[in-house]
Amino acid sequence: CGAALSRAGDARGEDVLRGVLTGWRGSGRDYAAEASGVLGLTGLRPELERLRRRGRGTAAILDEALEALGRAEDPTPR
């Protein structure tokens, strides 16, 4: 699973999650979005933003993931 690979520090995990986020099938998309935010995978931000603009996936989960990634990029405490 992509999240497990990413937690283990394996770069292939981000590629696996990207495949789920950009794939035709929506199954697993919310999980991949949530994992991206929790793990701070900022490289997946463009895919998450694209999904949010197109209304794909659960808006609340995408918003939380993007907010988490914003915090990961921004060293200023909130």
Side-chain angles (χ1 to χ4, degrees):
C1 160
L5 286 169
S6 292
R7 272 192 293 275
D10 191 325
R12 293 176 296 174
E14 191 169 314
D15 291 334
V16 171
L17 290 171
R18 180 175 286 109
V20 174
L21 291 171
T22 60
W24 286 101
R25 303 192 91 193
S27 60
R29 194 175 286 153
D30 287 344
Y31 171 77
E34 183 176 12
S36 300
V38 169
L39 296 172
L41 300 174
T42 56
L44 296 176
R45 183 180 251 297
E47 286 81 4
L48 294 169
E49 289 173 342
R50 188 175 307 114
L51 287 171
R52 185 64 179 100
R53 280 193 310 272
R54 293 182 178 177
R56 304 276 198 272
T58 305
I61 292 173
L62 290 168
D63 289 344
E64 287 176 19
L66 287 166
E67 182 181 334
L69 293 177
R71 284 195 308 266
E73 291 177 347
D74 183 2
T76 308
R78 294 182 186 209

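Residue pairs meeting the salt bridge (Lys or Arg N to Asp or Glu O under 4.0 Å) criterion with at least one member in residues 35-44: none, sequence neighbours excluded. Judged as a salt bridge (Lys or Arg N to Asp or Glu O under 4.0 Å), not a single pair has a partner in residues 30-39 (not counting sequence neighbours).
Going from atom CD of E49 over to atom CG of L44 covers 11.0 Å, rounded to the nearest 0.5 Å. Here I61 contributes atom CD1 and L51 contributes atom CG; the two are 11.5 Å apart, rounded to the nearest 0.5 Å. Between atom CG of residue L48 and atom OG of residue S36 there is a gap of 5.0 Å, rounded to the nearest 0.5 Å.
Scanning all heavy atoms of the two residues, the minimum distance from A68 to G37 falls at CB-O, 3.6 Å. Among all heavy-atom pairs drawn from A3 and A35, the shortest one is CB-CB, 4.0 Å.
In this structure, L5 belongs to a hydrophobic cluster whose other members, linked by side-chain heavy atoms under 4.5 Å apart, are V16.
Between the side chain of R52 and the backbone N or O of D63, no donor-acceptor pair lies under 3.5 Å.
Looking at residues two or more places apart in sequence or on another chain, you find no side chain to side chain donor-acceptor pair (under 3.5 Å) involving R50. Under the rule for a salt bridge (charged side-chain N to carboxylate O under 4.0 Å, His left out), R7 has no partner lying at least two apart in sequence or in another chain.
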Which donor-acceptor pairs under 3.5 Å do side chains of residues 17-28 form with protein atoms, sequence neighbours excluded?
residue : atom : partner : partner atom : Å
R18     : NE   : E47     : OE2          : 2.9
R18     : NH1  : D15     : OD1          : 3.3
R18     : NH2  : E14     : OE2          : 3.3
R18     : NH2  : G43     : O            : 3.1
T22     : OG1  : R18     : O            : 2.8

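Proximity of Y31 to C1: side-chain heavy atoms (C-beta onward) are separated by under 4.5 Å at one or more points.
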